[in-house]
Undergrad: 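Supplied in structure tokens, the structure appears directly below.
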Amino acid sequence: ILPERITSQKSFKRHVVNHEFPVLALFLRKDNPRCQKTEERLKRALIKTHGKFRLCLIDADLIDQELRDSLNIQYTPSLFLFYRQNIAQEYRGTIRKEKLMEFVRGAEFFHTVATEEKLVIQLISEGLHYIDSKKWEEAINLLNEAESLERWRDLYGGKIYSSLAYANA
């Protein structure tokens, strides 16, 4: 599990903004001891969590001015938690260990959410496949499993319930 080094706005969009799982993006300067300490703590957290988030390291001196301005990077280290093209948390300046662990816990939470959502989508997709194959019992079992994940009912309930109604007809 290695951190990703970001060197351009294009790679920032690809590896940070458009990533489906949580990303901790650390803007740093190589010659800054506070940045080095924060980087080491984040690398250890990445290993401890078995890669439940992506760690991206962005050298504030090498990245283009437009990106620095868009995120208001004036201090290093600056740490951001990105999830689904949004900034969930941000902190600028020296980061205490406790604050750093808040970011890691946030990343772990978003990882759980993303993993559960992928599961719901997969259950629905497989259920629809079984409906197409006229394997009604298998379809109903998978769709009932998707329905049992309460957190996702508001988002996917319509698809689940309509598919269950069709399979039960």
Side-chain angles (χ1 to χ4, degrees), residues 1-27 42-58 63 66-67 69-73 78-92 95 98-169:
I1 307 169
L2 297 173
E4 190 76 38
R5 298 242 177 230
I6 305 298
T7 57
S8 69
Q9 191 159 358
K10 182 179 177 182
S11 65
F12 182 81
K13 279 188 173 185
R14 188 175 80 231
H15 293 291
V16 178
V17 177
N18 293 329
H19 195 57
E20 67 180 316
F21 284 95
V23 178
L24 286 178
L26 176 64
F27 288 80
L42 283 170
K43 285 178 180 177
R44 284 193 301 273
L46 180 64
I47 291 167
K48 282 183 181 179
T49 62
H50 306 288
K52 290 187 177 173
F53 61 89
R54 172 178 271 177
L55 175 58
C56 291
L57 306 173
I58 303 110
I63 202 73
E66 184 181 345
L67 179 58
D69 290 347
S70 70
L71 293 171
N72 194 25
I73 304 299
S78 287
L79 182 62
F80 294 82
L81 170 56
F82 283 86
Y83 181 64
R84 295 213 169 155
Q85 301 182 347
N86 294 302
I87 298 171
Q89 281 180 280
E90 60 185 274
Y91 193 84
R92 296 165 191 348
I95 303 169
E98 299 78 29
K99 188 69 173 174
L100 195 87
M101 294 317 295
E102 276 182 39
F103 275 80
V104 171
R105 284 190 298 275
E108 287 179 304
F109 170 77
F110 286 125
H111 179 270
T112 300
V113 168
T115 302
E116 281 183 12
E117 186 175 21
K118 280 183 95 168
L119 175 61
V120 168
I121 292 168
Q122 187 175 0
L123 288 167
I124 294 168
S125 176
E126 290 293 319
L128 294 174
H129 172 74
Y130 281 124
I131 287 173
D132 290 342
S133 303
K134 300 192 184 325
K135 295 181 179 178
W136 309 114
E137 188 175 331
E138 291 91 340
I140 291 167
N141 288 338
L142 288 171
L143 293 166
N144 279 331
E145 182 69 24
E147 194 273 336
S148 74
L149 298 168
E150 294 178 28
R151 183 188 315 220
W152 302 101
R153 284 186 191 149
D154 287 345
L155 191 58
Y156 297 106
K159 183 72 167 175
I160 294 168
Y161 295 129
S162 63
S163 300
L164 276 168
Y166 181 79
N168 280 312

Undergrad: Which heavy-atom pair separates Phe53 from Ala107 by the least distance, and what is that distance?
TA: CB-CB, 3.6 Å

Undergrad: Can you measure from CZ (Arg84) to NE2 (His19) and round to the nearest 0.5 angstrom?
TA: 11.5 Å

Undergrad: For Glu108, enumerate each residue passing the side chain to side chain donor-acceptor pair (under 3.5 Å) test, keeping only those at least two apart in sequence or located in another chain.
TA: none

Undergrad: Are the side chain of Arg54 and the backbone of Glu4 linked by a donor-acceptor contact shorter than 3.5 Å?
TA: no

Undergrad: Which value, rounded to the nearest 0.5 Å, describes the distance between Leu24 atom CG and Leu46 atom CG?
TA: 8.5 Å

Undergrad: Restricting to non-hydrogen atoms, name the atom on Val23 and the atom on His15 that form the minimum distance, rounded to 0.1 Å.
TA: CG2-O, 3.7 Å

Undergrad: Does Val120 form a side-chain contact (heavy atoms from CB on, under 4.5 Å) with Leu155? I'd like the steps, not just the answer.
TA: CA-CA 10 Å; Val120 168; Leu155 191 58; over 6 Å; no

Undergrad: Compare every heavy atom of Ile63 with every heavy atom of Leu67, then report the nearest pair and how far apart it is.
TA: CD2-CG1, 3.3 Å

Undergrad: For Asp69, check side chain to side chain contact (heavy atoms under 4.5 Å, CB included) against everything at least two apart and list the hits.
TA: Gln65

Undergrad: Could you list the residues that satisfy side chain to side chain contact (heavy atoms under 4.5 Å, CB included) with Glu66, not counting sequence neighbours?
TA: Gln9, Asp64

Undergrad: Among residues at least two apart in sequence or on other chains, which ones pass ring-ring contact (aromatic ring centres under 6.0 Å, His included) with His111?
TA: Phe21

Undergrad: For Glu102, give me all partners under side chain to side chain contact (heavy atoms under 4.5 Å, CB included), at least two apart in sequence or on another chain.
TA: Gln89, Lys99, Arg105

Undergrad: How many angstroms lie between CZ in Phe109 and OH in Tyr83, if you round to the nearest 0.5 Å?
TA: 8.5 Å

Undergrad: Do Leu119 and Leu123 have side chains that get closer than 4.5 Å, going by heavy atoms?
TA: yes

Undergrad: Got a donor-acceptor contact below 3.5 angstrom from the Asn18 side chain to the Arg14 backbone?
TA: no

Undergrad: Only counting residues at least two apart or in another chain, list the ones meeting side chain to side chain donor-acceptor pair (under 3.5 Å) with Asn168.
TA: none

Undergrad: Looking at Ile140 and Leu164, what are the two nearest heavy atoms and their distance?
TA: O-CD2, 3.9 Å

Undergrad: Which pair of heavy atoms, one from Ile124 and one from Ile160, lies closest together, and at what distance?
TA: CD1-CG1, 3.6 Å

Undergrad: For Tyr156, which residues count as a ring-ring contact (aromatic ring centres under 6.0 Å, His included) partner, sequence neighbours excluded?
TA: none

Undergrad: Quick one: OH on Tyr166 to CG on Leu143, what's the gap to the nearest 0.5 Å?
TA: 12.5 Å

Undergrad: Taking only residues two or more places apart in sequence, or in another chain, which ones meet Ile87 in a side chain to side chain contact (heavy atoms under 4.5 Å, CB included)?
TA: Leu71, Phe80, Phe82, Glu90

Undergrad: Restricting to ring-ring contact (aromatic ring centres under 6.0 Å, His included), what partner residues turn up for Phe103, sequence neighbours left out?
TA: none

Undergrad: Quick one: pull up CD in Glu117 and OG1 in Thr112 and give me the separation to the nearest 0.5 Å.
TA: 13.0 Å

Undergrad: Could you list the residues that satisfy side chain to side chain donor-acceptor pair (under 3.5 Å) with Lys43, not counting sequence neighbours?
TA: Glu39

Undergrad: Distance-only check: which donor-acceptor pairs under 3.5 Å involve side-chain atoms of residues 125-134, not counting sequence neighbours?
TA:
{"residue": "Ser133", "atom": "OG", "partner": "His129", "partner atom": "O", "Å": "3.1"}

Undergrad: For Ile58 and Cys56, work out which heavy atoms get closest and say how close.
TA: CD1-O, 3.8 Å

Undergrad: State the CG-CG distance between Leu26 and Leu55, to the nearest 0.5 angstrom.
TA: 7.0 Å

Undergrad: Got a sec, which pairs hit side-chain hydrogen bond (donor to acceptor under 3.5 Å, both in side chains) with one end in residues 145-154, sequence neighbours left out?
TA: Glu116-Arg151, Glu116-Trp152, Glu147-Arg153, Glu147-Tyr161

